[in-house]
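To keep things clear, I will list the structure first and then write my remarks on it.
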Amino acid sequence: MEVNPVRYSLRQLRYFVVTAETLSFTAAAKLLHISQPSISTAVADLEVSFGVQLFIRHHASGLSLTQAGRDLLGHARNLLKNAEELQLTAREMDGGVTGSISLGCLVSLAPPLMPGIISRFVRDHSAITFRTTEAHQDVLLSGLHDGSLDIALTYNLDITDGITFTPLLSLPPYVILPKTHRLARARKVSLADLIPEPYVMLDLPHSREYFSALFDAVGTRPAASFRSSQPEVVRGMVANGLGYSILNFPLKSSRTVDGEDFVIKRFKENVNATTLGVALPSTMKPREVVKRFATFCESYIRLLHID
């Protein structure tokens, strides 16, 4: 005899998760292609089954999660993923590999790294789909914690408890300069040489502190003359003569989208490198399809040609 019978369905959990992500019964109903009363009734029935209130209903401004709703959301996502894993395991018994992966990537790494990894992976796993998120580090770590991300490609910057980080590649920072800059012909550039020059900052959380801290060795941090959260904009500003900047991930092209050129120089000093790797939530067992992709990422990144 079943001691603790399950009094909810996977369908109800799915409705709960989508509603929690949209904070609107109407928006969730549109995403799920069902009627609004059906989803609100299913969520209400789930609250009865759980014996807790999941949402606060605001008449004029939608929904907000209760503390119980926030606490249960990650568990609900994990259970849905495990249910999908069971289905995929059954399908794989017949020779197929299917599934979906929610992949996060640090915004500065996404353009040169993420398309190549996904493209090469789906060549051999054509039935696997991806939902991608390009964001800064805090968003990626939050997504891994709450289950909205399965895996993230990022640096070892402020990795928090509950995250397993596998280091793969050490990436020392380098400076980029306008091709007409007085230092453009130098073999290497000193940090001290850059102090009087205008600085174009990659203005992302963690990144801006990391790059600025490089100058602590010479006693003066640079003040940003220009800043952008988009790496391509930073490169464009440099190529158009507005100053220098510092980046980490190696580039295969020194031409910007507007057709201007910049030069890449290493530092004379032994500057602190960042480490590129794969981050996974340690509080949830990864699904088989995620483990396969993580293993692929490790092989792909370790074999990158870094000059």
Side-chain angles (χ1 to χ4, degrees), residues 10-24 26-34 39 65 70 72-89 91-92 96-155 162-166 204 229-230 276-298 300-301:
L10 294 177
R11 176 181 59 83
Q12 289 173 319
L13 286 184
R14 174 63 175 158
Y15 290 0
F16 163 55
V17 169
V18 175
T19 303
E21 291 173 345
T22 60
L23 294 178
S24 165
T26 301
K30 288 181 179 179
L31 287 174
L32 293 167
H33 304 292
I34 60 173
I39 197 167
L65 280 165
R70 288 192 291 270
L72 291 172
L73 180 57
H75 294 290
R77 284 175 173 144
N78 195 35
L79 183 54
L80 288 171
K81 289 176 181 179
N82 287 336
E84 178 187 344
E85 179 77 3
L86 177 62
Q87 180 171 286
L88 297 179
T89 299
R91 288 180 181 174
E92 288 178 15
V97 180
T98 61
S100 62
I101 298 171
S102 183
L103 169 64
C105 189
L106 195 66
V107 64
S108 58
L109 289 171
L113 182 63
M114 192 168 64
I117 285 183
I118 294 176
S119 173
R120 286 161 178 79
F121 186 73
V122 298
R123 287 177 190 173
D124 297 324
H125 305 86
S126 59
I128 293 176
T129 59
F130 284 85
R131 185 176 70 175
T132 59
T133 299
E134 303 86 49
H136 58 73
Q137 189 80 331
D138 290 341
V139 174
L140 297 182
L141 298 181
S142 177
L144 292 171
H145 279 298
D146 68 21
S148 58
L149 292 178
D150 294 314
I151 184 173
L153 305 173
T154 188
Y155 293 130
I163 303 295
T164 299
F165 182 81
T166 302
L204 292 172
S229 62
Q230 300 298 319
L276 171 62
V278 172
L280 291 163
S282 58
T283 56
M284 300 179 186
K285 181 181 178 181
R287 294 171 293 128
E288 182 61 31
V289 66
V290 176
K291 289 192 288 186
R292 291 193 185 193
F293 181 65
T295 300
F296 178 83
C297 288
E298 292 175 18
Y300 178 88
I301 291 173

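Everything numeric here is computed off the predicted structure, so don't read it as measured data.
- Remark: Lys291 engages Glu288 in a salt bridge (charged side-chain N to carboxylate O under 4.0 Å, His left out) (not counting sequence neighbours).
- Evaluation of the side chain to side chain contact (heavy atoms under 4.5 Å, CB included) rule for Ser142 yields Asp146 as partners, not counting sequence neighbours.
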What pairs of donor and acceptor atoms, side-chain ones from residues 129-140 against any protein atom, are under 3.5 angstrom apart with sequence neighbours left out?
unit_1: Arg131; atom_1: NH2; unit_2: Ser148; atom_2: O; d: 3.4
unit_1: Thr132; atom_1: OG1; unit_2: Glu134; atom_2: OE2; d: 3.3
unit_1: His136; atom_1: ND1; unit_2: Asp138; atom_2: N; d: 3.4
unit_1: Gln137; atom_1: OE1; unit_2: Thr154; atom_2: OG1; d: 2.4
unit_1: Gln137; atom_1: NE2; unit_2: Tyr155; atom_2: O; d: 3.1
unit_1: Gln137; atom_1: NE2; unit_2: Leu157; atom_2: O; d: 2.8
unit_1: Asp138; atom_1: OD1; unit_2: His206; atom_2: NE2; d: 2.9

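- A salt bridge links Glu21 with Arg77; the closest basic N to acidic carboxylate O contact falls under 4.0 Å.
- Distance alone, capped at 3.5 Å, places no donor-acceptor pair between the Ser119 side chain and the Pro115 backbone.
- Within the model, atoms OG1 of Thr166 and CD1 of Ile151 stand 8.5 Å from one another, a figure rounded to the nearest 0.5 Å.
- A donor-acceptor contact shorter than 3.5 Å is absent between the side chain of Arg292 and the backbone of Arg287.
- In this structure, Pro281 and Ile163 approach most closely via the heavy-atom pair CA-CD1, 4.4 Å.
- Contact check for Leu276 versus Leu106: no side-chain heavy atoms found under the 4.5 Å cut-off.
- Ala279 and Phe165 get closest at one heavy-atom pair: CB-CD1, 4.3 Å.
- Applying the ring pair (Phe, Tyr, Trp, His ring centres under 6.0 Å) test to Phe121 and every residue at least two apart in sequence or in another chain returns His125, Phe293, Phe296.
- A donor-acceptor contact shorter than 3.5 Å links the side chain of Arg120 to the backbone of Gly116.
- The nearest pair of heavy atoms linking Cys105 to Met114 is CB-SD, 3.7 Å.
- Looking only at side-chain heavy atoms (C-beta outward), Ile117 and Ile301 come within less than 4.5 Å of each other.
- Partners of Glu298 under the side chain to side chain donor-acceptor pair (under 3.5 Å) rule, at least two apart in sequence or in another chain, do not exist in this structure.
- Checked against Leu103 for a side-chain contact (heavy atoms from CB on, under 4.5 Å), the options Leu153, Asp150, Leu149 give a single hit: Leu153.
- Shown here for Leu79 and Leu13, the closest heavy-atom pair between the two residues is CD2-CD1, 3.4 Å.
- A distance-only check finds a donor-acceptor pair linking the side chain of Thr19 to the backbone of Tyr15 [under 3.5 Å].
- Taking each heavy atom of Leu65 and Phe16 in turn, the nearest pair found is CD2-CE1, 4.1 Å.
- Arg70 pairs by the side chain to side chain donor-acceptor pair (under 3.5 Å) definition with Gln67, not counting sequence neighbours.
- Put simply, the side chain of Lys81 gets close to the backbone of Gly147: a donor and an acceptor are under 3.5 Å apart.
- When side chains are defined from C-beta on, Val18 counts as touching Arg14, because their heavy atoms get closer than 4.5 Å.
- When all heavy atoms are compared, the tightest approach of Ile39 to Ala28 is CD1-CB, 3.4 Å.
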